[in-house]
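To keep things clear, I will list the structure first and then write my remarks on it.
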Amino acid sequence: MSVSEKMISALERASWVRKMFEEGAIRKEKYGPENVFDFSLGNPNLDPPAKLKETLNKLLAEDAPGVHGYMPNAGFLKTRKAVAEYLTDLNHHSFGSEDIVMTVGAAGALNVLLKAILNPEDEVIVPKPYFMEYNFYIDNNGGIPKTVNTQPDFSLDIPSIENAIGPKTKAVLINNPNNPTGKVYSKEELDKLGGLLSRYSEKYGETIYLISDEPYSKIIYNGCVCPSVFDAYKESILVTSFSKDLSLAGERIGYIAINPMISEKDTIVELLSMCNRILGYVNAPALMQRAMPFLLNDSVDVSLYENKRNILANGLKEAGYDFDLPDGTFYLFPKSPIPDDVEFVHALQEENILTVPGSAFGGPGHFRIAYCVADQTIKGALPGFARTMKKYK
Ligand SMILES: Cc1ncc(COP(=O)(O)O)c(C=O)c1O
C-alpha cells in the first residue's frame with residue numbers, strides 16, 4: 001500500500017469515541033434517534049450565548065478593510081491584547097499581547113506548542129486517565145508520551161510523576177479540569193508539581209515545561225475554581241479554547257498563553273508564531289478572533305450542565321454505581337461493576353446506551369459518560385443503566 005503504514009496502524013487503533021459515534025448512527029437509524037441514548041461524544045449540546053450572534057452580526061455589518069486577509073501568524077493584535085487583559089484580571093500576573101498566540105482550538109494550540117518545544121524523542125509526561133488525542137499530538141511533533149498513574153480519586157500522584165522524570169523529559173501535560181474524570185486539580189497539587197519541576201529543571205540544566213490544557217476551566221461547579229497554573233510555576237504555559245465553554249467546537253478558536261516570566265521568552269514567542277504558520281494553520285479563524293474580545297467573560301449557562309450532572313448522578317447512585325461527584329467538565333467516570341470495562345460498555349449498548357470504556361482513556365475498570373446531552377436523554381437512559389447494573393450485581 002502506498003500510504004503511511006504508521007497512519008494505517010493509527011487508524012486500526014481508531015478512537016473508541018469515534019467507534020461509539022458510528023455505532024450510535026447505526027442504532028439511531030435502526031431504533032429511531034429518540035430511543036438511543038448517546039453519551040459518547042464531548043460535543044456541547046447547549047447553544048452558544050445569544051451575545052455571540054449579536055456580536056457576529058455587528059462584525060459582519062462593519063466591513064472594515066483587511067478583516068478577511070492574512071494577519072500576523074499569532075493573531076490580531078486587538079484580540080491578543082483583549083485576551084492578555086482578561087488573563088491579567090484573572091491571575092496575579094501581568095500579560096502582554098506578546099504572551100498570547102491565537103490558535104485553531106485547543107488541539108491546534110497543543111500541536112503548535114509541542115512543535116515549538118520538542119526535540120526528537122523528548123518525553124512528555126501525562127497523568128492518566130487522559131484525553132487520548134494527546135498521544136497523536138505528541139507523536140506528530142516527534143515526542144514520546146509517558147503516562148503516569150494518578151491517585152484513586154484521580155488527583156495528581158506527585159511521586160509517580162517524579163519517578164517518570166528523566167533527562168529526556170521536556171514537559172508535563174495536565175488537563176484541568178480533566179477529561180474524562182471531571183477532576184479539578186487543587187492549588188496545592190499544582191504548587192507541589194511546580195516545586196518538583198523547578199528542582200528537576202535545575203538538576204538536568206534544562207527547562208521542563210508545565211503545560212495546562214484547560215478548555216473546561218469555566219465548566220465548574222459548587223463554587224470551585226480552577227487554580228492558575230501561572231501561580232504554580234514560572235515555566236508554565238496555558239492552552240485553551242472556546243469550544244466547550246461557549247459551545248464553539250466547530251468554529252476552531254483557542255489560544256496559547258505563556259507565563260509572562262517564562263525563560264527565553266522572545267524565542268518561544270517567535271517559535272509559536274512560526275509553528276502556527278508551518279503546521280498549515282497560518283492563523284486562527286479571523287472572524288472568530290474578532291468576536292472573542294466581546295465574549296471573554298461569557299460562557300454557556302453552566303448551571304444547566306450542573307443540573308444534568310445531578311440528574312445523572314442521583315439516578316446512577318440509586319442504581320448502585322460507584323463514582324465521585326466531579327467538580328468540573330460534563331463527564332462522569334463511574335467504576336465498571338466488572339473489571340472488563342469494554343464488556344460492560346457493550347452491555348450498556350444492548351440498552352441503546354452509548355458510553356466509552358475507561359481503557360480508551362488509560363483508565364481501565366471505568367467508563368465515561370458525556371452528559372452534554374438533553375435532560376430527556378439522561379432521564380430516558382436511567383432505567384437502562386439500572387437494568388444493566390442489576391445483571392452484574
Ligand atoms: C482535554 C481536551 N483537550 C483538548 C481538546 C480539543 O479541543 P478543541 O476542540 O478546542 O480543539 C478536547 C476536546 O474534546 C479535550 O477534551
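Scope of the values below: all heavy atoms of this structure, side chains included, with no hydrogens, waters or symmetry mates. All ligand and atom numbering here is 1-based and tracks the order in the structure. The residues of the chain are indexed from 1 along the displayed sequence.
- Taking distance alone, with nitrogen or oxygen atoms compared against 3.5 Å, N175 stays at or beyond that limit from ligand 1.
- Residue Y137 has no N or O atom closer than 3.5 Å to an N or O atom of ligand 1.
- A cation-pi geometry, defined here as NZ or CZ lying under 6.0 Å from the six-membered ring centre and within 45° of its normal, does not hold between K379 and F37.
- The ring of Y86 has its center no closer than 6.0 angstrom to the ring center of F95.
- Contacts between S243 and ligand 1 below 4.0 angstrom, taking non-hydrogen atoms only, involve the side chain exclusively.
- The distance from ligand 1 to the heavy atoms of G105 drops below 4.0 Å at these ligand atoms: 10 (O), 11 (O).
- At a heavy-atom distance under 4.0 Å, only side-chain atoms of K244, from C-beta outward, approach ligand 1.
- Close approach of ligand 1 to F131 (heavy-atom distance below 4.0 Å) involves ligand atoms 1 (C), 2 (C), 3 (N), 4 (C), 5 (C), 12 (C), 13 (C), 14 (O), 15 (C), 16 (O).
- With no hydrogens or angles considered, no side-chain donor-acceptor pair links N283 and R277 at under 3.5 Å.
- Between K6 and D139, at least one side-chain N (NZ, or NE/NH1/NH2) sits under 4.0 Å from a carboxylate O, which counts as a salt bridge.
- Note on ring orientation: taking the six-membered ring where Trp is involved, the planes of Y331 and Y216 are perpendicular (angle over 60°, cut-offs 30° and 60°).
- Any N or O atom pair closer than 3.5 Å counts here, and A107 shares at least one such pair with ligand 1.
- Between A106 and ligand 1, an N or O atom pair is found at a separation short of 3.5 Å.
- Residue Y216 has at least one nitrogen or oxygen atom sitting less than 3.5 Å from a nitrogen or oxygen atom of ligand 1, judged on distance alone.
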